[in-house]
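Here is the structure we will look at, set down as C-alpha cells.
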Amino acid sequence: MHIIGAGLSGLSAAVRLAHKGIPVTVHEAAGHAGGRCRSYFESELDCDIDNGNHLVLNGNHATLDFLRLIGAEDTVHVPSPADIPFVDLVDGTRWSVRPGKGRIPWFALSSLRRIPGTSLKDYLQSWRMMWATDTQAIKDVMPTGGVLWRRFWVPVIAAVTNTDPAAAGAATMRQVVVETLARGEAACRPVFFPNGLSRSLISPAVDFVTAMGGQVRFNHRLRGVQKINDTVSALEFVQDRVDLSDNDCVISAVPAAIAKDMFDGIVGPNAFSPIVNGHFRLKQAFDAPPLLAVVGGTAEWLFSREDVVSVTVSAAASLVDLPSETIAVRFWADIQAAYGLVGVAMPPFRIVKEKRATFLQTPDQLRRRPDCRTRWRNLYLAGDWTATGLPATIEGSIRSGAAAASAALDQVNKMSGST
Ligand SMILES: Cc1cc2nc3c(=O)[nH]c(=O)nc-3n(C[C@H](O)[C@H](O)[C@H](O)COP(=O)(O)OP(=O)(O)OC[C@H]3O[C@@H](n4cnc5c(N)ncnc54)[C@H](O)[C@@H]3O)c2cc1C
C-alpha cells in the first residue's frame with residue numbers, strides 16, 4: 001500500500017493499515033512529516049514552536065483514538081472540567097464558558113451563568129443551526145449580530161471553519177456542535193499539546209508505522225502517475241519510479257490543489273483561507289491560563305506555554321498581507337491588555353503566515369469535497385478537504401485517513417479473494 005503525503009491524513013491512513021498488518025510505504029515530499037500540523041525549531045526565539053496553535057476538544061474522538069493507538073495519549077493535557085476563559089478588550093469584561101454536565105444547556109436559563117449581556121432568546125435562536133441544510137451559510141440560519149454572536153459565535157466559528165463566520169457552512173458547523181457543545185462539558189475539554197504538536201501527533205505516528213514494519217520515505221516527491229485503463233499502474237517520483245502490482249493501492253493524502261494536478265478528474269475545493277499566528281518569547285514564564293479567547297481586538301485566541309505566548313487569527317485575509325512587524329505590534333497590544341502586561345516591552349517574536357491554511361469553508365466550497373473513492377480502481381483520497389462532514393481540522397484529517405484506509409483495505413481484500 002502506498003500513501004502519498006505524511007501530514008495527519010496520510011499518517012492516519014498509514015497507522016490504521018500498519019496496525020492491521022498491511023505493509024505500507026509513505027512517500028513525503030518534505031524532509032519532515034506533519035504538513036500543516038507540526039513543530040519546528042525557530043532560531044529567532046531559540047525554541048521549538050508549532051506552525052500554528054491547534055485548538056482541539058476532547059469530543060474529537062478520532063483524535064483521541066489516534067493518540068491512544070500510537071501510544072501518545074500521555075503527551076496531551078486535558079484539564080477537567082471544561083472552563084474556557086474569555087475577555088472582551090472593548091470594555092474589559094471577563095467570563096468563562098463552562099458547559100453544563102448534560103446535553104441540555106441549562107446554564108442558558110441562568111443570567112449568572114450566561115455570557116454577560118446575553119439573553120435566553122439569543123441561545124434559543126442559535127439552536128436553529130441544528131436544522132441547517134448543506135446549502136445554507138451560518139447567516140441563513142441564525143442572527144449574525146448581538147452580544148452572543150460577537151462574544152461567542154464569532155471566535156468559535158472562525159476557529160473551527162477558518163472562514164468569515166457569517167459565510168461559513170452551517171451544516172458543517174452543526175456537526176461540530178453535535179459532537180462537542182451539544183454533548184455537554186465532558187466533550188468540550190480542550191486538548192493541549194504541552195510538548196508541541198509533533199511530539200504528540202506526528203513523531204509517535206511515524207515511529208508507530210516504522211515499528212510495525214512500514215516505511216516513511218522523506219524527500220520523496222511524487223511528480224506524476226501512470227494509468228492503464230481504470231488502474232494506477234506506476235508512481236513516478238522525482239528520483240525514481242515504483243511499478244504497482246495488481247494488489248497495490250494508493251492513498252493520496254496531499255492538499256487539494258496538488259491532488260487535482262496529479263490525478264485527472266479530481267474535483268476539490270479551489271478557494272483557500274489564511275491563518276496568521278504570532279509567537280512571542282517572554283523573558284520568563286508567567287502565570288496565565290493555557291488558553292484565552294479574545295474578543296474586540298486583533299487577536300482571537302491566546303495560547304500560553306511556559307515563556308511563549310502565541311496568538312491565532314483565523315480567516316485572516318485582512319491581516320495576512322500586512323508586514324510582520326505591524327501584525328506583531330497589534331498582537332502584542334492585545335496580549336498586554338488581555339494579560340495585564342501593560343508597560344512590558346515587546347519581546348522577540350515570530351509571525352507565521354499560512355496563506356492556504358485550509359480551504360474556504362463556505363457552502364459552495366464544501367459541496368466540492370470529493371468522496372475517498374475515485375474513478376481509479378486502486379486510488380483513494382484522504383485529506384482535510386475530502387468529504388468528511390467535518391471542517392478542515394485535525395479531527396477531519398484523521399477521519400479522512402481512516403476512511404481512505406478502510407476503503408483501500410476492502411479493495412485489497414476483494415482483490416486477494418478474487419485471485
Ligand atoms: C496555521 C494553522 C492552524 C490550524 N489550526 C487548527 C486548529 O486550531 N484545529 C484543528 O483541528 N485544525 C487546525 N488546522 C488544520 C489542520 O492543521 C489541517 O486540517 C491538517 O493538518 C491537514 O492535514 P492533511 O494531512 O490533510 O494535509 P497536510 O498537512 O497539508 O499534508 C499533506 C502532506 O503532503 C505532502 N505532499 C504534498 N505534495 C506532495 C507530493 N507531490 N509528494 C509527496 N508528498 C507531498 C506535504 O508535504 C504534506 O506533508 C490548522 C492549520 C493551520 C495551517
Side-chain angles (χ1 to χ4, degrees), residues 2-14 25-38 49-57 59-60 62-63 155-156 158-162 176 180 190-193 197-198 201-202 205-206 216-225 235-239 250-263 268 272-279 291 300-301 303 310-316 320 351-359 361 369 381-386 388 390-401 404:
H2 295 269
I3 297 167
I4 316 299
L8 267 176
S9 304
L11 290 175
S12 160
T25 305
V26 184
H27 307 271
E28 166 56 51
H32 52 80
R36 282 171 283 152
C37 175
R38 68 183 193 288
I49 58 171
D50 291 335
N51 67 314
N53 306 305
H54 279 60
L55 184 58
V56 175
L57 298 182
N60 294 152
T63 304
V156 169
V160 169
T161 65
N162 189 27
V176 173
T180 54
V191 177
F192 293 111
F193 303 93
L197 294 167
S198 287
L201 288 162
I202 307 302
V206 171
V216 183
R217 297 186 66 182
F218 294 109
N219 302 306
H220 206 225
R221 179 184 295 276
L222 185 71
R223 65 178 169 82
V225 292
L235 300 174
E236 289 172 344
F237 294 94
V238 171
Q239 306 88 336
V250 179
I251 295 177
S252 161
V254 299
I258 295 171
K260 200 167 130 278
D261 288 348
M262 199 82 73
F263 312 104
F272 300 89
S273 176
I275 296 179
V276 174
N277 275 263
H279 305 274
L291 179 67
E300 288 171 349
W301 293 87
F303 290 72
S310 302
V311 178
T312 295
V313 177
S314 302
V320 72
I351 301 296
V352 184
K353 301 173 177 179
E354 294 266 10
K355 289 203 169 180
R356 289 180 160 220
T358 67
F359 74 98
Q361 293 160 69
R369 298 172 103 181
L381 298 178
D384 62 354
W385 54 279
T386 59
T388 60
L390 292 174
T393 51
I394 288 180
E395 179 75 1
S397 302
I398 289 175
R399 288 200 212 172
S400 83

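Remember, it's 1-based here, ligands and their atoms both numbered in the order they're listed.
Of the N and O atoms on the side chains of N277 and N51, not one donor lies less than 3.5 Å from an acceptor on the other residue. Side-chain atoms of S310 and H279 include a donor-acceptor pair closer than 3.5 Å. Looking at E300 and T312, their side chains never bring a donor and an acceptor atom within 3.5 Å of each other. A donor-acceptor pair shorter than 3.5 Å cannot be found between the side chains of R36 and T358.
Judged purely by atom type and a 3.5 angstrom limit, D384 has no side-chain atom pairing as donor or acceptor with the backbone of G396. Under the 3.5 Å distance criterion, the side-chain polar atoms of W385 are matched with a main-chain donor or acceptor of V254. Not one N or O on the side chain of H32 forms a donor-acceptor pair closer than 3.5 Å with the backbone of A30.
Ligand 1 places these atoms under 4.0 Å from at least one heavy atom of A392: 15 (C), 19 (O). Per-residue contacts place G383 under 4.0 angstrom from the following atoms of ligand 1 (heavy atoms of the residue considered): 26 (O). Ligand 1 places these atoms under 4.0 Å from at least one heavy atom of A253: 32 (C), 33 (C), 34 (O). Near M262, the atoms of ligand 1 lying under 4.0 angstrom from a non-hydrogen atom of the residue are 41 (N). Close approach to G7 involves these atoms of ligand 1, each under 4.0 Å from a residue heavy atom: 25 (O), 29 (O), 31 (O), 33 (C), 49 (O). When each atom of ligand 1 is checked for a heavy atom of P255 under 4.0 Å away, the hits are 30 (O), 32 (C), 37 (C). Remark: ligand 1 atoms within the under-4.0 Å shell around heavy atoms of N277 are 1 (C). Of all atoms in ligand 1, listed by their number and element, those nearer than 4.0 Å to a heavy atom of I4 are 42 (N), 43 (C).
Side-chain contact between F303 and L55 is present, with heavy atoms from C-beta onward closer than 4.5 Å. Looking at heavy atoms from C-beta onward, R399 lies in side-chain contact with L390 at the 4.5 angstrom threshold.
Here CD1 of I4 is found 5.0 Å from CG of L235. Values are rounded to the nearest 0.5 Å.
Nearest protein neighbour of atom 22 (C) of ligand 1, counting heavy atoms only, is S397 OG, 3.3 Å. For atom 39 (C) of ligand 1, the closest heavy atom belonging to the protein is V254 CG1, 3.6 Å. The nearest heavy-atom contact from the protein to atom 47 (O) of ligand 1 is E28 OE2, 2.6 Å. For atom 42 (N) of ligand 1, the closest heavy atom belonging to the protein is L222 N, 3.0 Å. The closest protein non-hydrogen atom to atom 21 (O) of ligand 1 is C37 CB, 3.4 Å. In terms of protein heavy atoms, atom 14 (N) of ligand 1 is closest to H54 NE2, 3.3 Å. Of all protein heavy atoms, the one lying nearest to atom 44 (N) of ligand 1 is A29 N, 3.1 Å. For atom 34 (O) of ligand 1, the closest non-hydrogen atom on the protein side is G5 CA, 3.4 Å.
Across L201, I394, T393, a single residue satisfies side-chain contact (heavy atoms from CB on, under 4.5 Å) together with V56, and that is I394.
For the side-chain hydrogen bond (donor to acceptor under 3.5 Å, both in side chains) test, no residue two or more places apart in sequence or in another chain qualifies with E28.
The shortest heavy-atom distance from G34 to ligand 1 is under 4.0 Å. The closest approach between any non-hydrogen atom of N162 and ligand 1 is not below 4.0 Å.
Compare L8, I275, L55 by their heavy atoms: the one nearest to atom 9 (N) of ligand 1 is in L55. Residue nearest to atom 19 (O) of ligand 1, selected from I394, V26, D384: D384 (by heavy-atom distance).
The distance criterion of under 3.5 Å between nitrogen or oxygen atoms is not met by I258 with respect to ligand 1. Polar contact check, S9 against ligand 1: a nitrogen or oxygen pair lies under 3.5 Å apart. Polar contact with ligand 1: absent for E395 (N/O pair, distance under 3.5 Å).
Residue contacts with ligand 1, taken as heavy atom pairs separated by less than 4.0 Å, involve E354 solely via side-chain atoms from C-beta onward.
Ring to ring, H27 and F237 are close: their centroids are under 6.0 angstrom apart.
For the pair R369 and T386, the tightest heavy-atom approach, listed with the atom from each and the gap, is NE-O, 2.9 Å.
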